[in-house]
Amino acid sequence: MFSLVGKTALVTGASRGIGRGIALSLAKAGANVAVNYRENKEEADKVAAEVSKMGVKSFPVQADVSNKSDVERMMAEVKAQFGQLNILVNNAGVVAMGPVENIGEAEWDHVLDTNLKGQFLCIQSALKIMASGGRIVCISSIASGGVGVGFGSVAHYAASKGGVVALVEDLAIELAPKGININAIGPGIIESDMTNGMLSDEKVKSGFLERIPKGRIGKPEDIGAAVVFLASDEADYVTGATLYVDGGWLAK
Ligand code: NAP
C-alpha cells in the first residue's frame, strides 16, 4: 500500500526540517526526489545523499521559490533529470512574528512572496512537466484561519497560510479534469529550525503540550507520512482538502 515506486517528486525547502522529512518519507515509499533549497547547499547535498542511499534517484536543486526565473530553471532541471514530474510538494516557507504595527512592507512581502506566491509559481511551472495522475501537496498550517486557532502577532504568516488553503480549493476544481489532485496539509507544532527557538523555552513548550491531545510535539516524518498518502494512487478521490496533522490540537 502507498507505493510510489517509479514516481518522481520535487520537494521545495527540503534542505532542513519538515521538507527533509517529506523527502525521506517519499524516498522510503520508492519515489525519486529532487531536493530544493534556497541557500543551504551543504544541507541539501546531505539530504540528496541520504535519499540516494535509499536506492532511489535524487539531486539537490537551488531556487528561490519566490523568483519566477529561478522556479522555471528548477523545473527545467527536474525535466532534464527525471523527464517528467509526478509529485510536487510545496513546502518552502518562512515565519515572522510581531505586532501588526511593526510589520514593515518588506517583511510582509517576504512572507507572502515565499509562502504564497512561491507555491503559485511552483504549481504554474510544474504543471508544464506534470504527468496526468499528478499530485500536488501544499503545506499550510493550523494558523491558516477558519479552524478556530489564532496565535496572534503572525498576521502575515496566517494570511499566507490561509491563502494556501484557498489556492488549493480553487485549483482542485480546475485541475481535476486534467487528472491532477491538489491538497493541503496543515501541520500543528513540528520540531524544526522554525520552532526550535519557541520549543527551547520550557514554559512555551509545556503550553503547547497542554493543547495537544497526543501529548507530544510533532516530527517531520509525521508530515512525511501524510504526504505519502496524498501522493499515492489510493488518494485518487481526495482533492481540494486540507488535512490537519496536529496531534489532535484542532479537536480539543
Ligand atoms: P525550516 O526548518 O525553517 O525550513 C525551511 C525550509 O524552507 C528550508 O529548507 C529553507 O531552505 C526553505 N526556504 C525558505 N525560503 C525559501 C525560498 N524562498 N525558496 C526556497 N526554499 C526556501 O521550516 P519548517 O518548520 O521545516 O517548515 C516547513 C514548512 O512547514 C513551512 O512552509 C512552514 O510554514 C510549515 N509549517 C511548519 C510548522 C512547524 O511547526 N515547524 C507548522 C506549520 C507549518 P534553506 O535551508 O536553503 O534556507
Side-chain angles (χ1 to χ4, degrees), residues 10-25 33-48 60-71 73-75 88-97 107 109-122 125 137-145 147 149 151 154 156-165 167-168 184-200 204-205 208-209 211-212 216-224 226-227 242-247 249-250:
L10 166 64
V11 183
T12 67
S15 49
R16 299 183 274 131
I18 293 176
R20 173 179 172 275
I22 293 169
L24 294 174
S25 297
V33 187
V35 173
N36 161 253
Y37 67 100
R38 179 190 44 184
E39 57 191 14
N40 223 324
K41 182 178 183 324
E42 210 174 299
E43 293 304 309
D45 285 346
K46 274 194 223 159
V47 176
V61 55
Q62 193 282 331
D64 176 344
V65 295
S66 67
N67 180 305
K68 188 171 174 163
S69 58
D70 270 23
V71 169
R73 176 181 43 74
M74 170 168 71
M75 292 304 167
L88 167 67
V89 185
N90 273 326
N91 165 79
V94 290
V95 73
M97 289 177 198
E107 184 177 303
D109 286 347
H110 178 57
V111 172
L112 271 289
D113 284 358
T114 307
N115 295 3
L116 184 55
K117 184 178 132 185
Q119 296 213 8
F120 155 70
L121 290 175
C122 288
S125 193
V137 182
C138 298
I139 303 300
S140 176
S141 168
I142 54 170
S144 62
V147 287
V149 174
F151 287 94
V154 287
H156 36 7
Y157 184 76
S160 71
K161 294 302 184 180
V164 168
V165 172
L167 182 76
V168 161
I185 290 177
I189 304 295
I190 310 294
E191 288 168 7
S192 76
D193 290 346
M194 192 177 273
T195 50
N196 274 349
M198 287 189 297
L199 294 175
S200 61
V204 172
K205 186 174 177 179
F208 283 145
L209 288 173
R211 298 292 313 266
I212 303 170
R216 68 172 175 86
I217 303 297
K219 294 180 184 304
E221 52 266 36
D222 292 318
I223 307 304
V227 171
T242 299
L243 174 58
Y244 289 96
V245 181
D246 63 356
W249 180 305
L250 295 185

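Residue numbers run from 1 in the order of the sequence given. Quick note: numbers below take in every heavy atom, side chains included, and nothing from hydrogens, waters or symmetry partners. All ligand and atom numbering here is 1-based and tracks the order in the structure.
- Lys205 places a side-chain heavy atom less than 4.5 Å from the side chain of Ile217.
- Taking the six-membered ring for Trp and thresholds of 30 and 60 degrees, Trp249 and Phe208 have ring planes inclined between 30 and 60 degrees apart.
- Judged by distance alone, the side chains of Asn115 and Ser160 do bring a donor and an acceptor atom under 3.5 Å apart.
- Taking OG of Ser192 as the reference point, atom CG of Leu199 lies at 8.0 Å (rounded to 0.5 Å).
- Using a cutoff of 4.0 Å between basic side-chain nitrogens and carboxylate oxygens, Asp222 and Lys219 are not scored as salt-bridged.
- Checked options Ser140, Ser144, Ser141; the residue passing with Tyr244 is Ser144 (criterion: side-chain hydrogen bond (donor to acceptor under 3.5 Å, both in side chains)).
- Among protein residues, Gly13, Ala14, Ser15, Arg16, Gly17, Ile18, Asn36, Tyr37, Arg38, Glu39, Asn40, Ala63, Asp64, Val65, Asn91, Ala92, Gly93, Val94, Thr114, Ile139, Ser140, Ser141, Tyr157, Lys161, Pro187, Gly188, Ile189, Ile190, Ser192, Asp193, Met194, Thr195 come within 4.0 Å of ligand 1, judged on heavy atoms.
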